[in-house]
Amino acid sequence: MLDPALLSALADLLPPSAIIATAEGTRPYECDGLPLFREQPLAVLLPEDEAQVVGILRLCHAARLPVVARGAGTGLSGGATPYRKGIVLSLAKFKRILSIDPLSCTAVVQPGVRNLAISEAAAVHRLYYAPDPSSQIACTIGGNVAENSGGVHCLKYGLTVHNVRRVRAVLIDGDVVEFGGEGLDAAGYDLLALINGSEGLLAVITEVTVKLTPNPQQATCVLASFSDAEKAGDAVAAIIGAGIIPAGLEMMDQLTIAAVEPFVHAGYPLDAAAILLCESDGTPDEVTDEVALMRSLLETSGATTIQVSQSEVQRLKFWSGRKAAFPAAGRISPDYYCIDGTIPRRSLAPVLKRIEALSREFGLRCMNVFHAGDGNLHPLILFDANVPDEIARTEAFGARILELCIEVGGTITGEHGVGLEKIDQMCTQFAAAELERFHAIKRAFDAEGLLNPGKAVPLLHRCAEMGRMHVHGGELPYPDLPRF
Amino acid sequence: MSDLVAGWRDRVRAATASATPLRIVGGGSMDFYGQRLAGEILEVSGHAGIVDYDPTELVITARCGTRLAEVEQAMAQSNQMLAFEPPHFGPKATLGGSIAAGLSGPRRPYAGAVRDLVLGVRLLDGRGDELAFGGRVMKNVAGFDVSRLIAGSLGTLGIILDVSLKCLPMPRAETTLTFELPADEGLRRLNAWNATPLPLSASCWHQGRLHVRLSGAESAVAAAARRLGGEVLEQAKAYWVAVRDQTHDFFAPFRAQNGAEAAVPPAALWRLSVRVTAPHTAFGGATMIEWGGALRWVVAQEEDDAQQARAWAAAQGGHATLFRAADKSVGVFQPLPPALLALHQRLKAALDPAGIFNPGRMYAEL
């Protein structure tokens with residue numbers, strides 16, 4: 001229950017419809033896109049302007065009440081999972097595009113604006129917002145900034161951090177600050193870089209200026225199949241080594257092909273061990289030249305078949321299989337769990353072999369979808385939540401994949417964030433001194449730790465306990481798994 | 001940890017214990033930049049060398065004291081480059097200094113800034129702890145992005161030990177076009193071109209001439225050159241290096257501060273970082289426009305009103321830096337609003353609790 005005095009203060013600030021404090025009313029907010037974690041908040045607040053956000057944060061700060069900011073709730077790491085003794089601050093009503101300037105190629109938008117809505121609104125100027133996470137129909141720009149979201153095109157066009165110019169935000173004490181600006185840099189520390197990917201721990205975003213990119217005149221996709229994944233990995237290295245930065249460079253393994261092809265009929269060869277989708281965009285001449293070069297590199301790397309899209313319809317058809325990989329996983333399995341690690345590309349073949357071995361060890365199938373150009377793996381573990389212990393085995397399998405990513409010099413999250421999901425693996429990726437500095441940075445913004453507590457950065461004693469767990473066994477979920 | 005770094009660790013711990021300021025020095029080529037130099041010199045150029053470079057991974061890792069020229073040369077052998085085109089303010093310019101200064105060259109609007117290409121850093125902080133942030137992979141959102149925060153922090157948060165950067169392929173073709181135009185018309189064209197899919201990679205207007213560089217596939221560069229018109233500039237490479245390194249004649253009044261002969265008129269060089277659609281500046285003397293309009297260099301006499309530069313830049317969505325001047329009493333960097341300054345102070349304290357690293361180099365209060 002929310003404290004009655006606080007509730008009455010909130011009622012002075014917000015209309016009744018913007019305060020949801022009943023159990024049935026807060027139920028839809030109990031999880032984000034990672035439903036493995038669920039929690040009921042004390043209340044959900046839906047402010048509609050910055051002054052209300054300031055007012056709410058001041059009250060929460062004074063009452064020492066935790067606040068979890070939330071966009072569309074499409075995140076995949078539990079970053080927006082509510083805090084049981086706190087409130088959810090939904091930015092859903094901040095959905096106005098405030099301005100689009102076709103000359104400076106920027107748009108000023110509220111945080112609840114959907115990613116794709118920006119591109120749709122900018123289309124009239126032949127501009128678009130480049131980062132395209134697969135949830136782009138639904139996810140919001142505020143959430144994209146909080147997670148530093150990527151997407152299929154980020155090898156060439158960058159992550160969210162590369163495509164955001166300015167963020168206006170409210171600190172926990174109610175101070176309004178701006179990071180970045182309308183120019184290409186700002187005075188002082190690069191707090192704009194720090195706020196990107198800060199997972200709602202540092203401030204609540206109320207306005208974002210994004211960079212827009214001119215639409216390419218043409219895009220062509222090359223579909224190449226390989227008899228083994230290692231050759232596909234070599235082809236990726238050959239393309240990058242030849243000085244090409246493709247607009248998209250994606251890889252899928254045999255299980256993924258088998259899952260998506262009957263579903264979308266993208267034209268993928270079912271006998272291939274792996275396929276690559278390699279996209280070129282730019283002026284028509286440039287695309288023609290680049291595609292010819294890609295084609296010869298793919299041939300040299302041992303591609304068994306190569307198809308080049310001959311029309312926009314065919315290009316989209318090639319991509320349809322990639323974009324349908326997640327729903328296709330849902331079609332062949334009652335549940336699936338998407339993992340998000342990044343590895344140096346040269347480790348691709350050994351990592352895929354190890355994932356295959358882990359798949360046998362845990363008795364769970366795993367589809368591999370891979371942003372091959374930038375080394376970002378998305379293994380999809382297929383499981384059935386109704387089978388006793390499959391959730392536990394799935395989580396354990398996922399944790400092992402992430403630890404494998406660290407072992408080969410990579411990272412536990414390329415674009416989905418740490419949230420609650422990967423908090424234990426943070427203890428493996430970072431040393432105690434580094435985690436301490438993260439907490440110190442957090443305290444510089446939020447001394448009492450009220451914004452999104454318990455996410456992104458583990459408490460040191462939690463890491464210590466996890467370490468002890470291996471020694472003692474005991475209450476924690478997977479006592480038999482070596483974690484460190 | 002090498003003996004050299006272990007020595008720095010001990011020195012940093014002692015300095016923190018006694019609150020002794022340290023002034024981190026690499027090649028020293030950026031000494032002219034920033035509010036003030038203070039503290040005992042901590043020489044870091046000895047920690048040098050490329051640690052790892054695999055062109056097909058698009059990542060290079062090198063120690064802070066590595067000369068910028070050495071890094072670029074190694075990358076050029078694999079037809080790759082530092083896409084932020086860092087200025088070399090002298091042959092001794094180091095990679096660590098480049099990251100700490102956070103300055104990017106002509107390619108910045110089109111290929112990204114220093115911070116956009118930083119993937120990871122190893123840092124020695126005020127407690128003398130060696131810390132690794134980010135990594136050697138393209139995408140990494142584990143933990144706060146401290147490595148990008150370090151870019152441009154002027155050594156006030158710690159000693160950069162090594163840095164990993166994203167590499168980009170050198171363009172297959174490059175050409176520079178010249179147009180005779182007044183500033184207003186130059187800005188108008190730059191804004192229009194900015195919004196179209198052209199392979200632009202640099203732009204600079206000065207004294208009635210607009211230079212625009214095109215980079216990319218041969219076919220794309222040729223098609224864009226036909227479309228834009230103008231005259232092809234000979235010796236284009238030298239021209240862009242001169243703009244980048246400020247050896248261009250426009251910067252001549254300031255060469256004294258680079259160690260050459262004394263400049264006669266005491267003058268100030270303002271760097272105005274603003275929205276690309278800002279009008280041509282109506283104050284100060286000679287002006288150079290870069291970055292598609294987002295960067296304006298203005299030569300002013302020192303008694304000229306600093307307030308005017310600050311106010312104009314702020315009104316144009318940006319900020320003004322007193323980039324070169326003998327007298328910096330008006331303040332080098334745009335003053336921060338109180339809430340932001342307080343945040344800066346707390347962040348500095350998080351990594352440098354005794355305030356020993358380059359105190360006052362950015363702001364007197366930091």
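Just so you know, these numbers use all the heavy atoms, side chains as well, and skip hydrogens, waters and symmetry mates.
- Contact check on Arg437(A) versus Asp352(B) returns no salt bridge, with no Lys/Arg side-chain nitrogen under 4.0 Å from an Asp/Glu carboxylate oxygen.
- Per-residue heavy-atom pair counts under 4.5 Å with chain A were compared for Arg115(B), Arg148(B), Gln334(B), and the maximum is reached by Arg115(B).
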(message) One pair to check against side-chain hydrogen bond (donor to acceptor under 3.5 Å, both in side chains): Ser280(A) and Glu290(A). What are the steps and the verdict?
(response) CA-CA 7 Å; Ser280(A) 170; Glu290(A) 199 168 80; 2.8 Å; yes

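- If you tally non-hydrogen atom pairs under 4.5 Å between each of Ala142(B), Ala294(B), Ser104(B) and chain A, the highest count goes to Ala142(B).
- Partners of Leu103(A) under the side-chain contact (heavy atoms from CB on, under 4.5 Å) rule, at least two apart in sequence or in another chain, are Asp101(A), Asn191(B), Thr277(B).
- The aromatic ring centroids of Tyr189(A) and Phe179(A) lie 6.0 Å or more from each other.
- Heavy atoms closer than 4.5 Å to chain A are found nowhere in Ser78(B), neither backbone nor side chain.
- For the set Gln345(B), His319(B), Arg346(B), the entry with the most heavy-atom pairs within less than 4.5 Å of chain A is His319(B).
- Comparing His344(B), Met138(B), Arg127(B) by heavy-atom pairs within less than 4.5 Å of chain A, the highest count is held by His344(B).
- Across Asn79(B), Thr196(B), Leu336(B), Thr321(B), the residue that shares the most heavy-atom pairs under 4.5 angstrom with chain A is Thr196(B).
- With a 4.5 Å cut-off on non-hydrogen atoms, Leu198(B) does not touch chain A at all.
- Without hydrogens or angle criteria, Asn452(A) side chain to Glu199(A) main chain gives a donor-acceptor distance under 3.5 Å.
- Residue Ala113(B): no heavy atom, backbone or side chain, is found under 4.5 Å from chain A.
- Neither the backbone nor the side chain of Lys422(A) has a heavy atom closer than 4.5 Å to any heavy atom of chain B.
- For Ala342(B), no part lies near chain A; criterion is any non-hydrogen pair under 4.5 Å.
- Side-chain atoms of Lys166(B) do not come within 3.5 Å of backbone N or O of Leu119(B) as any donor-acceptor pair.
- Contacts between Leu202(A) and chain B at a heavy-atom distance below 4.5 Å involve the side chain alone, from C-beta outward.
- Residue Leu159(A) touches chain B through its side chain alone, counting heavy-atom pairs closer than 4.5 Å.
- Classification of Arg13(B) and Asp129(B) as a salt-bridged pair holds, one side-chain N sitting under 4.0 Å from a carboxylate O.
- Proximity to chain B is limited to the side chain of Asp289(A), based on heavy atoms less than 4.5 angstrom apart.
- Evaluation of the ring pair (Phe, Tyr, Trp, His ring centres under 6.0 Å) test over residues 100-153 of chain B, restricted to residues two or more places apart or in two chains, returns Phe438(A)-Phe133(B), Phe438(A)-Phe144(B).
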